[in-house]
Enquirer: 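Below: one structure in structure tokens.
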Amino acid sequence: MKKRVTKYVESAVKTVAAARGFSANDLPEIGVELPREKAFGDFSTNIAMQLARHWRDNPRRIGQDILAELEKESELSAVTIAGPGFINMTLNISLWHQRLKEIHGLQEDFGKLDYGADKRVLVEFVSANPTGPLHIGHGRGAAVGDVLARLLKRTGFIVDREYYVNDAGNQMQVLGRSLRWRYLELLEKRHGEIPEGYYRGEYLLDLARKLMAEQGRELVSPEVAEEDDTALDFFTSFAADSILGGIRNDLELFGVGFEYWTSEKEFFTSGKVDAALAELQTKKVLYEEEGATWFASSRFGDEKDRVVVRANGVKTYFASDIAYHRDKFARGYDLLVDIWGADHHGYVPRLSAAIEALGGKPDSFAAILVQLVSLSRGGTPVAMSTRSGEFITLEEVVREVGRDAARYFFLTRDSNSHLEFDLELAKSKNNDNPVYYAQYAHARICSILRKIEVEGLCDKAVDTFSGASLTLPEELDLIKKLDSLPDLLERAARTLEPHRLTYYLDDLATQLHSYYNRNRVISEEQEVSGDRLLLFATVRQVLAICLTLLGVSAPEKM
RNA sequence: GCCCCCAUAGCUCAGGUGGAUAGAGCACCGGAUUCCUAAUCCGGGUGCCGCGUGUUCGAGUCGCGCUGGGGGCACCA
């Protein structure tokens with residue numbers, strides 16, 4: 001509807017511009033928005049104030065001219081000028097009724113947009129190192145990434161999800177040593193404090209037990225020195241494979257799946273890292289200094305240059321990441337979205353620099369930084385991580401509060417804000433819990449629809465009603481809220497802000513609950529009942545669309 | 001020291017490309033069920049939008065400076 005109104009305004013402004021002798025091509029973008037106060041009408045525009053600057057005239061006088069044009073539009077029932085020069089417009093009520101029918105007719109396709117124009121997007125997220133189980137912070141990244149992917153898909157992008165497995169580098173060596181130490185501990189050949197820098201989590205002890213049960217007690221000589229590499233590769237890959245398997249299970253439990261799992265190691269073994277460096281060499285953005293090879297990222301906005309090959313000849317993580325992102329573009333993606341923990345923010349400029357150096361457009365790469373999650377239980381903070389390496393895992397959280405609540409909670413805040421996750425609140429089955437609020441709205445409507453069905457209260461099909469008896473303000477508000485979904489989805493996709501969905505859902509549920517308490521749907525008046533059923537069926541449909549986008553279930557009974 | 005993020009009601013937080021009287025939930029108090037699910041609804045009040053300054057018709061929103069909190073500043077990943 002907004003687009004429709006924008007067209008009216010645009011055409012009116014063009015006419016006025018012509019009459020005043022201004023070019024119709026040189027106009028500011030027409031902004032149409034929902035007025036703050038309902039009393040002002042359905043839509044409003046500040047175009048007269050925008051034009052006042054260019055045309056050097058009083059905004060109210062310009063507004064009068066535009067208003068005169070808009071009044072010729074038969075679909076508008078009222079047009080007024082208010083305040084400093086806002087033009088407020090009210091649509092003919094029958095248009096809203098038509099719109100309701102239209103939305104209902106679209107069924108689950110309502111809100112499928114072509115905004116993305118089939119551009120290919122790769123959303124890379126979680127990508128936790130396979131050195132330990134996922135914790136709650138990874139859960140937030142997983143929820144944000146997965147819902148963003150769903151959102152982009154719905155708004156017309158072609159989307160793939162990817163998990164980048166950091167299975168190369170020092171940390172893998174350390175992981176192998178840590179597991180080997182635990183294994184020897186079980187053989188009573190290691191005692192006391194775990195060596196400095198090793199992974200300390202209990203999960204490695206569990207893995208060592210599993211390893212011993214499956215493979216026996218003679219994998220390595222008990223007398224092996226810590227710095228000795230004997231059998232280390234075996235321990236490393238056993239640990240990495242097991243942990244990665246656990247991560248996959250946790251994500252599956254959380255309802256998150258990936259099209260691709262990409263291995264960092266393969267970028268080294270396949271020569272892609274060398275190829276990427278060679279390309280940078282050709283572009284003359286690499287240089288040697290103090291025995292190392294540097295990428296001149298400061299030429300592309302980074303604060304200083306970065307090492308890609310160390311003096312000892314070993315390539316850095318940054319080097320493989322350049323190769324990785326180069327490869328993403330080579331795979332045909334138009335837009336790369338990476339979701340990282342906020343502690344990686346210093347990394348954004350250098351990777352952007354590399355992408356730019358390789359010829360990528362600046363807006364073809366976006367990094368979403370997800371802030372920390374602090375966990376509490378009934379208001380009391382729960383320690384996230386201690387020196388012993390113990391923390392609350394994602395699996396524990398999902399098992400305790402459920403997938404729906406966990407996913408929903410992770411999306412109740414802008415990624416940029418810290419999130420406090422309270423386990424008791426997420427578990428509670430009362431009105432404190434926003435997840436159930438939205439789901440309950442859905443279940444309530446389903447209950448009415450069931451009642452109609454079972455008792456045969458309505459002998460006509462719901463979609464044969466016109467909606468014409470829906471004239472209460474709260475009925476029109478509901479229709480307007482439904483109508484605004486595509487606009488919301490487009491904005492959420494444009495700004496890469498999936499959390500907007502939970503706010504929309506909460507608003508819609510509030511309106512529904514309020515209406516439900518004030519008005520009866522089923523009554524003796526056939527037309528009124530039918531129209532209200534049409535409204536409710538459509539609200540249900542939109543609730544289900546939003547819940548599904550969040551990866552949260554839409555229960556028919558609660 | 002430099003860089004990034006945050007700062008809005010008692011608490012947790014929303015606030016579109018700058019627009020009309022800055023919102024919600026929680027907490028607190030009171031009320032609603034002969035009738036479609038009370039996991040619901042209705043009513044009650046609260047703000048130097050951290051401070052200062054600039055830009056302009058207009059700033060919670062944009063610029064600059066400051067204060068406070070978090071994070072980052074590796075030839076780690």
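Below, chain A is the first sequence line, B the second, and so on; all start at residue 1. All values reported here derive from a predicted model rather than from experimental measurement.
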Enquirer: Is His345(A) side chain donor-acceptor paired with the G71(B) base, going by distance under 3.5 Å alone?
Expert: yes
Enquirer: Using a heavy-atom cut-off of under 4.0 Å over every strand shown, decide if Glu556(A) touches base, sugar-phosphate, or nothing.
Expert: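 Base, at least one base heavy atom under 4.0 Å.
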Enquirer: Contact class for Met172(A) vs. all strands (heavy atom < 4.0 Å): base, sugar-phosphate, or nothing?
Expert: nothing
Enquirer: OP1, OP2 of A38(B) versus side-chain N and O of Arg444(A): anything below 4.0 Å?
Expert: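 Yes, within the criterion.
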Enquirer: Whom does C11(B) pair with, Watson-Crick or G-U wobble, provided both distances fall under 3.5 Å?
Expert: G25(B)
Enquirer: How is Asp487(A) classified with respect to the nucleic acid when contacts are heavy atoms under 4.0 Å: base, sugar-phosphate, or nothing?
Expert: base
Enquirer: Hunt down the Watson-Crick or G-U wobble partner of A38(B), both distances under 3.5 Å, from any strand shown, or write none.
Expert: none
Enquirer: When you look at Gln439(A) and Tyr408(A), which way does the side-chain hydrogen bond (donor to acceptor under 3.5 Å, both in side chains) test go after all the steps?
Expert: CA-CA 11 Å; Gln439(A) 290 182 319; Tyr408(A) 195 99; over 6 Å; no
Enquirer: Could you check which of C73(B), C41(B), C75(B) has an atom nearest any side-chain atom of His513(A)?
Expert: C41(B)
Enquirer: Please give the distance between the C1' atoms of A7(B) and U61(B) as a whole number of Å.
Expert: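 A7(B) and U61(B) have their C1' atoms separated by 14 Å.
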Enquirer: For Asp414(A) and C6(B), give me the distance from atom CG to atom P, rounded to whole Å.
Expert: 8 Å
Enquirer: Check every atom of A14(B), C41(B), C35(B) against the side chain of His499(A) and return the nucleotide holding the closest atom.
Expert: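 Among A14(B), C41(B), C35(B), the one nearest the side chain of His499(A) is A14(B).
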Enquirer: Taking only Lys NZ, Arg NE, NH1 and NH2, and the carboxylate oxygens of Asp or Glu, determine whether Glu400(A) and Arg377(A) approach each other closer than 4.0 Å.
Expert: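 Result for this pair is yes, salt bridge flagged.
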Enquirer: Ignoring the backbone of Glu303(A), work out which of A77(B), U17(B), C73(B) is nearest its side chain.
Expert: C73(B)
Enquirer: Name the closest nucleotide to the Tyr440(A) side chain, picking from G72(B), A77(B), A39(B).
Expert: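 Comparing G72(B), A77(B), A39(B) against the side chain of Tyr440(A), the answer is A39(B).
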Enquirer: Base of A20(B), side chain of Asn88(A) - is there a donor-acceptor contact under 3.5 Å?
Expert: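 Looking at the base of A20(B), it does pair with a donor or acceptor on the side chain of Asn88(A) (distance under 3.5 Å).
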Enquirer: For G52(B), give its Watson-Crick or G-U wobble partner with both distances under 3.5 Å, or none.
Expert: C64(B)
Enquirer: Tell me what Glu29(A) touches on the nucleic acid: a base, only sugar-phosphate, or nothing, going by heavy atoms under 4.0 Å.
Expert: nothing
Enquirer: Checking contacts here: which listed nucleotide (C5(B), U37(B), U40(B)) is nearest the side-chain heavy atoms of Ala443(A)?
Expert: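 Comparing C5(B), U37(B), U40(B) against the side chain of Ala443(A), the answer is U37(B).
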Enquirer: Between Arg518(A) and U40(B), is there a contact of a side-chain N or O with OP1 or OP2 at under 4.0 Å?
Expert: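 Looking at the OP1 and OP2 atoms of U40(B), neither is under 4.0 Å from any side-chain N or O of Arg518(A).
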Enquirer: With the side chain of Arg350(A) defined as its heavy atoms from C-beta on, choose the nearest nucleotide among U37(B), A77(B), A74(B).
Expert: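 Nearest listed nucleotide: A77(B).
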Enquirer: Base, sugar-phosphate alone, or nothing: which one does Tyr347(A) contact when heavy atoms must sit under 4.0 Å apart?
Expert: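 Base: the residue Tyr347(A), judged by heavy atoms under 4.0 Å, touches a nucleobase.
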Enquirer: Partner of U46(B) by Watson-Crick or G-U wobble geometry, both contacts under 3.5 Å, or none?
Expert: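 Base-paired to nothing in any strand shown.
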Enquirer: Atom CG of Leu512(A) to atom P of C36(B): distance rounded to whole Å?
Expert: 16 Å
Enquirer: Quick one: is Tyr437(A) getting a side-chain N or O under 4.0 Å of the C41(B) phosphate, OP1 or OP2?
Expert: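 For Tyr437(A), the contact criterion (side-chain N or O under 4.0 Å from OP1 or OP2 of C41(B)) is met.
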Enquirer: Do Ser44(A) and A20(B) share a donor-acceptor pair, side chain to base, under 3.5 Å?
Expert: yes
Enquirer: Between Lys328(A) and Glu162(A), is the closest basic N to carboxylate O distance under 4.0 Å?
Expert: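 Not counted as a salt bridge, because no side-chain N and carboxylate O are separated by less than 4.0 Å.
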Enquirer: Distance between the P atoms of G70(B) and C64(B), in whole angstroms?
Expert: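 Approximately 24 Å lies between the P atom of G70(B) and that of C64(B).
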Enquirer: Please classify the nucleic acid contact of Asn46(A) as base, sugar-phosphate, or nothing, using heavy-atom distances under 4.0 Å.
Expert: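 Contact class for Asn46(A): base.
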Enquirer: Can you tell me how far P of G25(B) sits from CZ of Arg413(A), to the nearest Å?
Expert: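 Rounded to whole Å, this separation is 14 Å.
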Enquirer: Whole-Å distance between C36(B) P and Glu525(A) CD?
Expert: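 Result: 19 Å.
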Enquirer: For the residue pair Asp321(A) and Tyr347(A), confirm or rule out a side-chain donor-acceptor distance under 3.5 Å.
Expert: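 Per modelled atom types, Asp321(A) and Tyr347(A) side chains form a pair under 3.5 Å.
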Enquirer: Which pair of non-hydrogen atoms, one from Ser44(A) and one from Asn88(A), has the smallest distance, and what is that distance?
Expert: CB-OD1, 3.0 Å
Enquirer: Tell me what Gln439(A) touches on the nucleic acid: a base, only sugar-phosphate, or nothing, going by heavy atoms under 4.0 Å.
Expert: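 Result for Gln439(A) = nothing.
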Enquirer: Can you tell me how far P in C26(B) sits from the matching atom in G52(B), rounded to whole Å?
Expert: 33 Å
Enquirer: State plainly whether the residues Arg532(A) and Glu475(A) are in salt-bridge range, i.e. N to O under 4.0 Å.
Expert: yes
Enquirer: Is there a donor in the side chain of Asp42(A) and an acceptor in the side chain of Thr90(A), or the other way round, less than 3.5 Å apart?
Expert: no
Enquirer: Relative to the 5' end of RNA chain B, which residue comes earlier, Thr316(A) or Ser417(A), by the nucleotide with the nearest heavy atom?
Expert: Ser417(A)
Enquirer: Find the partner of C73(B): check Watson-Crick (N1-N3 plus N6-O4 or O6-N4) and G-U wobble (N1-O2, O6-N3) distances, both under 3.5 Å, and reply none if neither fits.
Expert: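 Its partner is G1(B) (Watson-Crick or G-U wobble, both distances under 3.5 Å).
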Enquirer: By nearest nucleotide on RNA chain B, pick out whichever of Lys2(A) and Lys557(A) is the more 5' one.
Expert: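 It is Lys2(A) whose nearest nucleotide is closer to the 5' end.
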Enquirer: Between the side chains of Tyr198(A) and Glu226(A), does any donor sit under 3.5 Å from an acceptor?
Expert: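 Yes, Glu226(A) and Tyr198(A) have a side-chain donor paired with an acceptor closer than 3.5 Å.
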Enquirer: Touch check for Gln171(A), heavy atoms < 4.0 angstrom, all strands: base, sugar-phosphate only, or nothing?
Expert: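 Sugar-phosphate, no base atom in range.
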Enquirer: Tell me whether Phe40(A) and A20(B) count as stacked here, given that the ring centres must be under 5.5 Å apart and the planes must differ by less than 30 degrees.
Expert: yes
Enquirer: So what does Ser447(A) hit on the nucleic acid, given a heavy-atom distance under 4.0 Å: a base, only sugar-phosphate, or nothing?
Expert: base
Enquirer: Checking Asp483(A) against Arg4(A) for the salt bridge (charged side-chain N to carboxylate O under 4.0 Å, His left out) test, could you report, in this order, the C-alpha distance in whole Å, the side-chain angles of both residues, the deciding distance, and whether it holds?
Expert: CA-CA 12 Å; Asp483(A) 169 62; Arg4(A) 197 159 168 169; over 6 Å; no
Enquirer: Please report, rounded to the nearest Å, how far the C1' atom of G58(B) is from the CZ atom of Arg60(A).
Expert: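 After rounding, the gap between these two atoms is 15 Å.
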Enquirer: Tell me the interatomic distance from Leu51(A), atom CG, to C57(B), atom C1', rounded to whole angstroms.
Expert: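 Distance check: Leu51(A) CG to C57(B) C1' gives 14 Å.
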Enquirer: Counting side-chain heavy atoms from C-beta on, which of A77(B), A38(B), C5(B) comes nearest to His344(A)?
Expert: A77(B)
Enquirer: NA contact type, Asp302(A), heavy-atom cut-off 4.0 Å: base, sugar-phosphate, or nothing?
Expert: nothing
Enquirer: Does any N or O donor sit under 3.5 Å from an N or O acceptor when you compare the side chain of Arg520(A) with the base of C35(B)?
Expert: yes
Enquirer: Determine the Euclidean distance between corresponding P atoms of U8(B) and G15(B); express it in Å to zero decimal places.
Expert: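 Rounded to whole Å, the distance is 14 Å.
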Enquirer: Whole angstroms only, please: what is the CG-P distance between Asn433(A) and G25(B)?
Expert: 15 Å
Enquirer: Return the value, rounded to whole Å, for the distance between atom CG of Asp506(A) and atom C1' of G15(B).
Expert: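 Interatomic distance, CG of Asp506(A) to C1' of G15(B): 15 Å.
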Enquirer: Looking at the side chain of Asp343(A), which of C41(B), G72(B), C75(B) is the nearest nucleotide?
Expert: G72(B)
Enquirer: By nearest atom, which of the nucleotides C73(B), U37(B), G71(B) is closest to the Lys304(A) side chain?
Expert: C73(B)
Enquirer: Of all the nucleotides listed (U40(B), U37(B), U21(B)), which has the minimum atom distance to the side chain of Glu37(A)?
Expert: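 Side chain of Glu37(A) sits closest to U21(B).
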